[in-house]
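Side-chain atoms are counted along with the backbone in the values below, which use heavy atoms only and exclude waters and symmetry mates. No experiment lies behind these values; they were computed from the predicted model shown. Proteins come first, then strands; the chains are lettered A, B, ... in the order of their sequence lines, and each starts at number 1.
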2 protein chains.
Amino acid sequence: MSRRSYGQFCGLVRAAELVAERWALLIVRDLLVSPKRYTDLLNGLPGIPTNVLAARLKQLEEGGVVRRRLDDRAVLYELTEYGQELEAAVLALGRWGARMLTEPAPDEVVTPDSMVMAFRSTFRPEAAQGLTASFEVRLGEIALHVHVEDGEAHVDAGAAPAPDLVIETGPAIKALMAGELTPAEARANGSVRLTGDPRLLDRFAALFRI
Amino acid sequence: MSRRSYGQFCGLVRAAELVAERWALLIVRDLLVSPKRYTDLLNGLPGIPTNVLAARLKQLEEGGVVRRRLDDRAVLYELTEYGQELEAAVLALGRWGARMLTEPAPDEVVTPDSMVMAFRSTFRPEAAQGLTASFEVRLGEIALHVHVEDGEAHVDAGAAPAPDLVIETGPAIKALMAGELTPAEARANGSVRLTGDPRLLDRFAALFRI
DNA sequence: CGGGATCCCTTAGGATACTG
DNA sequence: CAGTATCCTAAGGGATCCCG
């Protein structure tokens with residue numbers, strides 16, 4: 001038995017050996033958003049040592065979680081089908097952890113992929129009934145888009161093609177999602193700026209809940 | 001920012017910092033089964049160094065996951081309400097990891113609490129409709145009991161008070177739960193031994209599915 | 001420039017012994 | 001029983017270097 005193994009025949013132990021290693025869950029998180037190149041992963045995970053990224057990718061590949069693919073003369077890392085099935089567990093963990101969040105520490109950053117997963121994990125299908133709309137959310141440099149249709153949401157990185165509402169905001173987005181700030185208050189105190197149909201902000205705020 | 005922090009303001013990162021440390025998920029798993037004393041945790045997690053257990057418990061306590069309680073002149077560790085809300089995520093991870101399990105390696109052990117969580121994570125409520133029954137499962141030294149009622153299951157460590165069916169088995173239980181072995185085959189080849197109402201074995205096998 | 005490998009140093013974690 | 005204390009190894013952090 002490997003030195004890093006826990007020596008138990010147990011599903012949770014297998015999962016822990018694969019994804020509870022340092023940085024592994026964050027690599028999986030970013031790959032759940034989209035397949036990426038080595039350098040994209042490095043950039044999306046500020047602070048990860050390059051040797052650790054290489055080692056994790058190798059282990060995740062051996063574990064059947066990640067696949068290395070050659071695409072257009074570049075190396076692409078993507079989740080296998082088995083890896084994608086981690087989504088439910090990752091979303092559950094993210095939801096749980098988000099309840100602990102208060103304010104960002106001064107040295108803490110927000111990455112585009114972490115925002116995408118934050119929205120995915122807090123989406124409430126029941127609030128999307130009868131709504132078809134496209135949103136773009138901007139936090140500083142970060143842009144992501146939310147498309148809602150048929151009670152389903154698709155959240156991805158980047159700008160939306162033709163958003164019904166563009167929401168420019170900042171850290172206050174967390175208060176809005178936690179219900180500590182109403183949409184009306186957010187507009188009034190300037191913590192969100194809207195472009196498009198402003199009535200959609202209420203619907204948007206109901207869609208996601210920490 | 002602590003050296004072990006990931007420096008991101010993100011729910012998943014917070015969760016990872018708390019429970020993706022080495023051994024932390026297994027400590028949580030065992031505490032999800034029942035509150036325990038320090039020595040019980042040591043015994044239930046073969047191979048954990050005592051200093052690591054002490055360090056983890058301290059961190060989990062600081063993180064609001066675990067509470068240290070004095071009970072009857074002994075120290076009891078138990079999950080806080082917040083810690084108990086990890087159950088959904090832990091079960092999801094355990095289910096995911098269980099799909100990777102093939103055979104136990106020669107040096108891998110099975111602990112009572114890992115079995116309890118395996119049953120909890122694979123329970124299918126739809127298979128329990130209209131069933132009220134009490135089972136005891138024995139694997140070598142390990143005994144656990146399953147009580148099914150109103151489409152809900154309660155799985156806990158230890159023998160059942162008055163089981164309708166006692167199932168003595170071995171590693172074959174995993175094949176049975178994975179659907180690789182039918183109840184009839186399991187009885188025929190001797191990989192399960194029954195005491196009580198043998199017709200309940202079919203129901204039992206349907207209740208849990210990897 | 002993308003995709004790593006290598007180096008050095010620090011620290012967490014494993015093994016075991018010991019104590020209030 | 002509930003942990004410290006200690007020693008040692010291996011993994012992780014940080015920077016740089018290398019190769020196609």
Side-chain angles (χ1 to χ4, degrees), chain A residues 1-8 13 16-28 30-31 34-63 66-78 107-109, chain B residues 1-8 13 16-28 30-31 34-63 66-78 107-109:
Chain A
M1 130 187 160
S2 134
R3 199 146 158 49
R4 291 248 98 190
S5 157
Y6 292 101
Q8 293 188 20
V13 165
E17 288 167 356
L18 279 171
V19 299
E21 294 287 297
R22 194 148 169 76
W23 292 102
L25 266 176
L26 305 199
I27 294 170
V28 170
D30 283 15
L31 292 180
S34 65
K36 286 184 174 56
R37 293 186 295 182
Y38 189 87
T39 324
D40 298 331
L41 287 167
L42 268 184
N43 293 333
L45 299 169
I48 190 174
T50 165
N51 57 345
V52 172
L53 177 58
R56 279 310 157 266
L57 287 172
K58 205 162 293 178
Q59 293 167 226
L60 290 172
E61 196 183 347
E62 286 167 6
V66 160
R67 181 169 33 229
R68 202 172 179 280
R69 198 182 67 187
L70 280 137
D71 174 88
D72 202 25
R73 291 167 191 262
V75 181
L76 259 195
Y77 290 92
E78 62 185 6
D107 46 10
E108 282 183 331
V109 300
Chain B
M1 131 187 162
S2 134
R3 199 147 157 51
R4 291 247 95 192
S5 157
Y6 292 101
Q8 294 188 18
V13 165
E17 287 167 357
L18 279 171
V19 299
E21 293 287 296
R22 197 149 167 76
W23 291 103
L25 267 176
L26 305 198
I27 294 170
V28 170
D30 283 16
L31 292 181
S34 65
K36 287 184 173 57
R37 293 188 293 183
Y38 188 88
T39 325
D40 298 330
L41 286 166
L42 268 184
N43 293 334
L45 298 169
I48 191 174
T50 168
N51 56 344
V52 173
L53 176 58
R56 279 307 158 269
L57 286 172
K58 205 160 296 180
Q59 294 169 224
L60 289 172
E61 197 182 349
E62 286 166 7
V66 159
R67 180 167 36 231
R68 200 172 180 281
R69 198 182 66 189
L70 280 138
D71 174 88
D72 201 25
R73 291 169 191 261
V75 182
L76 257 197
Y77 289 94
E78 64 184 5
D107 46 11
E108 282 183 331
V109 301

How many Å lie between CZ on Arg73(A) and C1' on dG3(C), as a whole number?
16 Å

When rounded to whole Å, the CD1 to P distance for the pair Ile27(A) and dG12(D) reads 11 Å

In whole Å, what is the span from the NZ atom of Lys58(A) to the P atom of dG4(C)?
8 Å

So for the helix from dC1(C)-dG20(D) to dG20(C)-dC1(D), with five pairs setting each end axis, what is the inter-axis angle to 10°?
30°

If you compare all heavy atoms of Ser5(B) against all heavy atoms of Gly7(B), which two are closest, and at what distance to 0.1 Å?
OG-N, 3.0 Å

Drop me the distance from Gln59(A)'s CD to Leu18(A)'s CG, to the nearest 0.5 angstrom.
8.5 Å

The test is side-chain hydrogen bond (donor to acceptor under 3.5 Å, both in side chains); show your working for Arg37(A) and Tyr77(A) and say whether it passes.
CA-CA 6 Å; Arg37(A) 293 186 295 182; Tyr77(A) 290 92; over 6 Å; no

For DNA chain D, what residues of residues 46-53 of chain A have any heavy atom nearer than 4.0 Å?
Gly47(A), Pro49(A), Thr50(A), Asn51(A), Val52(A)

How is Ala55(A) classified with respect to the nucleic acid when contacts are heavy atoms under 4.0 Å: base, sugar-phosphate, or nothing?
nothing

Rounded to whole Å, please give me the gap between CG in Leu45(B) and P in dG14(C).
12 Å

Residues forming a side-chain contact (heavy atoms from CB on, under 4.5 Å) with Leu45(A), sequence neighbours excluded
Trp23(A), Leu26(A), Ile27(A), Arg29(A), Asp30(A), Ile48(A), Gln8(B)

Could you tell me whether the side chain of Leu57(A) reaches within less than 4.5 Å of the side chain of Leu41(A), counting heavy atoms only?
yes

Rounded to the nearest 0.5 Å, the CZ atom of Arg68(A) sits from the CG atom of Leu60(A) at a distance of 13.5 Å

The correct set of residues in residues 34-42 of chain A placing a heavy atom under 4.0 Å from DNA chain C is Arg37(A), Tyr38(A), Thr39(A)

Using whole Å, report how far CZ of Arg22(A) lies from P of dA12(C).
10 Å

Rounded distance (Å) that lies between atom P of dG3(D) and atom CZ of Arg56(B)
15 Å

To the nearest angstrom, the CG-C1' distance between Leu70(A) and dG20(D) comes to 13 Å

Looking only at heavy atoms, the pair that brings Leu25(B) and Val19(B) closest together is CG-O, 3.3 Å

Hey, does the side chain of Trp23(B) come within less than 4.0 Å of dA12(C)'s phosphate (OP1/OP2), counting only N and O?
no

To the side chain of Tyr77(A), which of dA11(D), dG4(C), dG3(D) is closest?
dG4(C)

The side-chain contact (heavy atoms from CB on, under 4.5 Å) partners of Glu78(B) (sequence neighbours excluded) come to Pro35(B), Arg67(B), Arg69(B)

Within the pair Arg68(B) and dG3(D), is there a side-chain N or O less than 4.0 Å away from OP1 or OP2?
yes

Are Val13(A) and Glu17(A) close enough that some pair of their side-chain heavy atoms sits under 4.5 Å apart?
yes

Please report the interatomic distance CZ(Arg4(B)) to CZ(Arg22(A)), rounded to the nearest 0.5 Å.
4.5 Å

Glu21(A) has an atom CD; how far is it from atom P of dA10(D), in whole Å?
15 Å

Could you give all pairs that pass the side-chain hydrogen bond (donor to acceptor under 3.5 Å, both in side chains) test and reach residues 39-53 of chain A, with sequence neighbours left out?
Tyr38(A)-Thr50(A)

